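Structure record follows, encoded as structure tokens.
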4 protein chains.
Amino acid sequence: MSALRASRLRAGKATLPPSSVPEGTRRRILEVALQLFANRGFHGTSVRDMAKALNLQPSALYAHFPSKDHVLAELVRVGHEVHASALRAALLDAGADPVDQLCALIRVHTVLHATYPHLAVVVNEEIYSLSAELAAPALAIREEARALVLQVVERGVALGHFSLPDKGATLAALSAMGVRIPYWYEPSEQLPVDALADVHVELSLRLLRGPREGPIAGPAEGA
Amino acid sequence: MSALRASRLRAGKATLPPSSVPEGTRRRILEVALQLFANRGFHGTSVRDMAKALNLQPSALYAHFPSKDHVLAELVRVGHEVHASALRAALLDAGADPVDQLCALIRVHTVLHATYPHLAVVVNEEIYSLSAELAAPALAIREEARALVLQVVERGVALGHFSLPDKGATLAALSAMGVRIPYWYEPSEQLPVDALADVHVELSLRLLRGPREGPIAGPAEGA
Amino acid sequence: MSALRASRLRAGKATLPPSSVPEGTRRRILEVALQLFANRGFHGTSVRDMAKALNLQPSALYAHFPSKDHVLAELVRVGHEVHASALRAALLDAGADPVDQLCALIRVHTVLHATYPHLAVVVNEEIYSLSAELAAPALAIREEARALVLQVVERGVALGHFSLPDKGATLAALSAMGVRIPYWYEPSEQLPVDALADVHVELSLRLLRGPREGPIAGPAEGA
Amino acid sequence: MSALRASRLRAGKATLPPSSVPEGTRRRILEVALQLFANRGFHGTSVRDMAKALNLQPSALYAHFPSKDHVLAELVRVGHEVHASALRAALLDAGADPVDQLCALIRVHTVLHATYPHLAVVVNEEIYSLSAELAAPALAIREEARALVLQVVERGVALGHFSLPDKGATLAALSAMGVRIPYWYEPSEQLPVDALADVHVELSLRLLRGPREGPIAGPAEGA
DNA sequence: GATGAATGAGCATTCATTCAT
DNA sequence: TATGAATGAATGCTCATTCAT
């Protein structure tokens with residue numbers, strides 16, 4: 001029926017963070033689902049599609065997950081958990097300076113979205129295909145993460161390091177930079193993941209500190 | 001059957017820019033499709049869903065569009081066209097200063113995403129449900145728009161107004177701020193659309209000019 | 001999934017006649033199947049349902065029966081055998097008087113249907129879910145039983161004790177009284193199984209002897 | 001898969017009472033379903049079976065009924081309604097004598113079960129495959145009918161025409177005679193439907209009046 | 001005897017779409 | 001333009017059963 005359809009993601013093979021899910025058929029199912037859900041969406045992927053990609057009968061999936069929805073729910077849960085725990089770990093490593101803390105959070109946020117773009121897309125877009133019940137755990141984790149960043153930003157403001165035109169919009173902009181990575185970025189020699197993280201850290205600091213007045217003197221990339 | 005699902009958008013009623021499509025059943029179909037595709041996705045919306053929301057029989061839609069895909073294609077085309085022509089118009093009004101030009105582009109980009117969030121989401125997410133053939137016109141327009149912004153930014157850099165750590169990432173960040181608006185923003189008295197545009201203009205300038213050194217002295221919002 | 005469904009039987013726990021099947025997993029399977037087949041029918045019961053009720057995996061059943069059909073076949077066979085042998089035993093105890101014989105047959109028929117209602121239902125309704133091959137042994141036994149009753153009735157007619165308006169219909173009515181017991185009867189203090197048997201014996205005699213002429217004088221229950 | 005299976009019913013073609021359902025595809029579906037549900041049971045009949053017997057695609061059925069369950073529910077409802085209204089009509093024709101009334105009720109009960117055996121079987125056996133919600137209307141009608149018969153019998157007892165050993169069991173026996181008809185009876189020249197009704201009326205009167213004492217003198221059928 | 005993963009057919013139902021009216 | 005009945009493919013899922021362990 002449908003002619004050649006565009007893939008949402010540039011990146012090729014979908015991978016799950018190594019220790020987030022144990023090896024085995026269950027993990028294989030999750031990785032295949034990740035690939036397909038990221039590129040065609042949850043509703044654009046059939047159980048038969050998944051089974052075919054796994055070289056399994058559709059019915060075999062039901063020994064591992066009670067429904068297609070539960071596969072998505074698990075991906076969304078894992079994605080949120082990996083993200084939240086990475087943020088927490090970054091914060092613990094960062095010391096007490098809110099600028100350092102913010103940089104650490106942005107770095108981790110960027111690295112995760114650049115390293116696991118499929119998971120990022122599924123977590124951010126396909127969560128809306130979940131019932132309220134199945135989405136709830138992930139949404140709770142998400143709210144925690146937002147609160148974490150908010151707290152750091154607010155401390156930075158209180159200590160005179162940051163100055164925001166509007167808190168909600170600025171926080172959203174900070175998040176958006178990361179969230180959109182899967183749609184344009186592909187790791188390359190010119191811009192490996194770490195370099196992208198450096199750029200995003202720099203951009204984040206620009207967002208949070210006021211701009212210079214007038215024209216710019218110093219050297220910076222022009223190309 | 002399926003339990004309550006989250007809606008992707010905060011905003012309520014989906015609307016199409018006034019003169020983008022003439023009044024009539026055809027426009028009604030597009031607006032209903034806009035609402036449903038934005039909230040449930042193209043694949044998550046059936047022709048029956050659309051017909052029910054229109055108080056029509058499914059077969060009646062085929063008097064107006066040759067297929068469900070063509071409804072989406074039309075929405076995507078209209079969305080891209082409205083966006084591109086608004087950018088062009090803004091640029092014409094902005095004079096020759098690249099800073100003014102950039103501000104005008106960001107303002108329009110922001111206002112459109114805040115005013116037509118459903119259209120923005122469909123244009124940005126559901127385009128991937130289109131065949132290459134049907135998506136092509138929109139993708140061409142999209143490329144033009146990107147080139148437009150790129151040109152302005154590059155002129156700003158050349159004239160010493162802007163300084164970017166990485167052109168691709170910074171352009172992406174500029175775009176991302178707007179693209180993510182439908183996911184968090186709702187017009188309100190505290191932050192009406194124009195004020196949001198002001199904020200995004202300010203944030204964009206921060207991204208494009210270097211940050212101040214050291215801590216911040218001047219007054220800024222704290223809340 | 002499926003909403004609450006009515007149960008065919010009033011009675012609670014399904015039991016098999018004590019010595020009809022030796023204790024063990026095989027018997028447990030038969031009793032669980034009896035319960036489920038009686039209430040939801042053979043086609044309305046899945047092997048998974050049976051396994052779940054047994055706290056076993058579906059595959060475990062196949063160590064005891066070659067197929068789901070064979071479980072039903074065994075229930076049907078046991079039910080018929082218990083019934084037929086009880087009829088034979090009753091006849092042996094009853095002496096030579098066809099009235100006594102008929103009463104004995106009816107009593108046993110009634111007691112069995114009242115005591116093992118699940119088995120009665122499965123034997124009478126679910127036999128139609130069996131292949132001709134698997135149903136054959138039971139049908140043979142059934143024919144024997146019918147012949148037995150027929151003989152007794154015919155002797156009663158020949159000896160002037162009974163008078164039937166139509167042999168087929170009357171035999172069917174005799175049988176029907178018992179067969180329908182599981183659908184309405186539940187043992188109680190007011191009407192224990194033995195009392196029900198007395199009633200059915202009385203009713204059977206009424207069917208087989210002609211009615212009184214005119215109105216009724218003597219005392220009888222009214223309520 | 002399944003080998004030759006027995007049919008529950010002797011009778012051939014399933015028919016619905018003429019004016020119970022208007023002509024058209026909807027009626028054709030109901031009649032085919034009646035045939036299949038009666039012989040193989042609701043759970044033993046697939047929508048594909050029904051569609052094949054109708055020379056239709058399975059999906060076409062869903063233009064007429066929202067689900068397979070609703071087809072059964074409609075059959076069960078129609079069956080109950082036809083039965084109840086026939087009983088009411090019979091009673092209106094019968095005059096004030098409880099004996100006449102009872103005879104009229106039995107006659108109608110018998111004629112319906114003999115004329116529409118498929119419907120009788122579906123109504124009596126397959127109602128248990130319905131959810132409580134879908135079964136409710138039919139069960140309500142059923143209770144009314146029972147109350148009707150009960151009232152007639154009680155008046156007969158009060159006026160000294162009837163004498164019952166046990167009201168519940170006797171009512172059940174009266175009903176059972178009719179309910180079991182589809183399992184053994186086929187209209188024939190020797191015993192057409194009307195003759196069967198005569199026999200059942202006679203048997204019913206025997207059940208409700210006491211038996212003669214001692215052996216039988218008068219002439220009666222012997223065969 | 002029992003498990004758990006797997007099979008392959010089949011389930012009720014929904015899909016986008018067509019067509020005669 | 002719109003309807004209502006129909007199609008044929010596809011949907012998510014369950015079925016009875018097998019088999020290696």
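Fair warning: this is a prediction, and the values are worked out from it, not measured in the lab. Protein chains get the first letters and strands the later ones, always in sequence-line order, with residue 1 at the start of each. Below, each value reflects all heavy atoms present in this structure, side chains not excepted, and no hydrogens, waters or symmetry copies.
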Measuring from [X]:[atom1] to [Y]:[atom2], what's the distance to the nearest 0.5 Å?
X         : Y         : atom1 : atom2 : value
Asn124(B) : Arg8(A)   : CG    : CZ    : 11.5 Å
Leu34(D)  : Glu126(D) : CG    : CD    : 11.0 Å
Asp49(D)  : Lys68(D)  : CG    : NZ    : 8.5 Å

Would you kindly give the [atom1]-to-[atom2] distance between [X] and [N], to the nearest whole Å?
X         : N       : atom1 : atom2 : value
Leu61(B)  : dA16(E) : CG    : P     : 10 Å
Asn55(B)  : dA2(F)  : CG    : C1'   : 13 Å
Lys52(A)  : dA6(E)  : NZ    : C1'   : 18 Å
His43(D)  : dA16(F) : NE2   : C1'   : 17 Å
Leu130(A) : dG12(F) : CG    : P     : 15 Å
Leu36(D)  : dC11(E) : CG    : C1'   : 16 Å
Leu54(B)  : dT3(F)  : CG    : P     : 10 Å
Arg26(D)  : dG4(F)  : CZ    : P     : 15 Å

As a test of reading the structure: which of [options] is closest to the side chain of [X], going by heavy atoms?
X        : options                   : result
Tyr62(D) : dA16(F), dT17(E), dA12(E) : dA12(E)
Ala63(D) : dT7(E), dC11(E), dA5(F)   : dA5(F)
Lys68(B) : dT3(E), dA6(F), dA16(E)   : dA16(E)

If each of Thr45(A) and Gln57(B) is mapped to the nucleotide of DNA chain F with the nearest heavy atom, which maps nearer the 5' terminus, i.e. the 5' end?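 First, find each residue's nearest nucleotide; the 5'-ward one identifies Gln57(B).
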
Residue met sooner reading DNA chain F from 5', once Val47(A) and Thr25(B) are mapped to nucleotides: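 Looking at the nearest nucleotide for each, Thr25(B) comes out on the 5' side.
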
Position toward the 5' end of DNA chain E (nearest nucleotide), Ser59(D) or Arg28(C):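 Of the two residues, Arg28(C) wins.
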
Between Ala60(C) and Ser46(B), which residue's closest nucleotide on DNA chain E lies nearer the 5′ terminus?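 This one resolves to Ala60(C).
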
Could you pull out the closest heavy-atom pair between Val122(D) and Ala38(D), with the gap in Å?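 Closest approach of Val122(D) to Ala38(D): CG2-N, 3.6 Å.
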
Taking all non-hydrogen atoms of both residues, which atom of Ala33(D) and which atom of Val71(D) are closest, and how far apart?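 The pair with the smallest heavy-atom distance is CB-CG1, 3.5 Å.
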
In the structure I gave you, are the side-chain heavy atoms of Gln35(B) and Glu31(B) within less than 4.5 Å of one another anywhere?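 Gln35(B) does not reach Glu31(B) side chain to side chain.
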
Between the base of dG12(F) and the side chain of Arg48(A), is there a donor-acceptor distance below 3.5 Å?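 Flag set: donor-acceptor pair detected.
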
Below the 4.0 Å mark, does dG4(E) have OP1 or OP2 next to a side-chain nitrogen or oxygen of His64(A)?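 So the side chain of His64(A) is outside the cut-off, no N or O lying under 4.0 Å from OP1 or OP2 of dG4(E).
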
Ion pair check, Arg77(B) and Glu74(B), cut-off under 4.0 Å: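 Answer for the salt bridge query: yes.
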
Dot-bracket encoding of pairs in DNA chain F, which uses [ ] for pseudoknotted crossings and | for another strand, Watson-Crick or G-U under 3.5 angstrom: .||||||||||||||||||||

For the pair Arg26(D) (side chain) and Val21(D) (backbone), establish whether a donor and an acceptor sit closer than 3.5 Å, ignoring hydrogens and angles.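 A pair under 3.5 Å: no.
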
Indicate, with a heavy-atom threshold strictly under 4.0 Å, whether Leu56(B) touches base, sugar-phosphate, or nothing.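 Here Leu56(B) touches the backbone only, sparing every base.
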
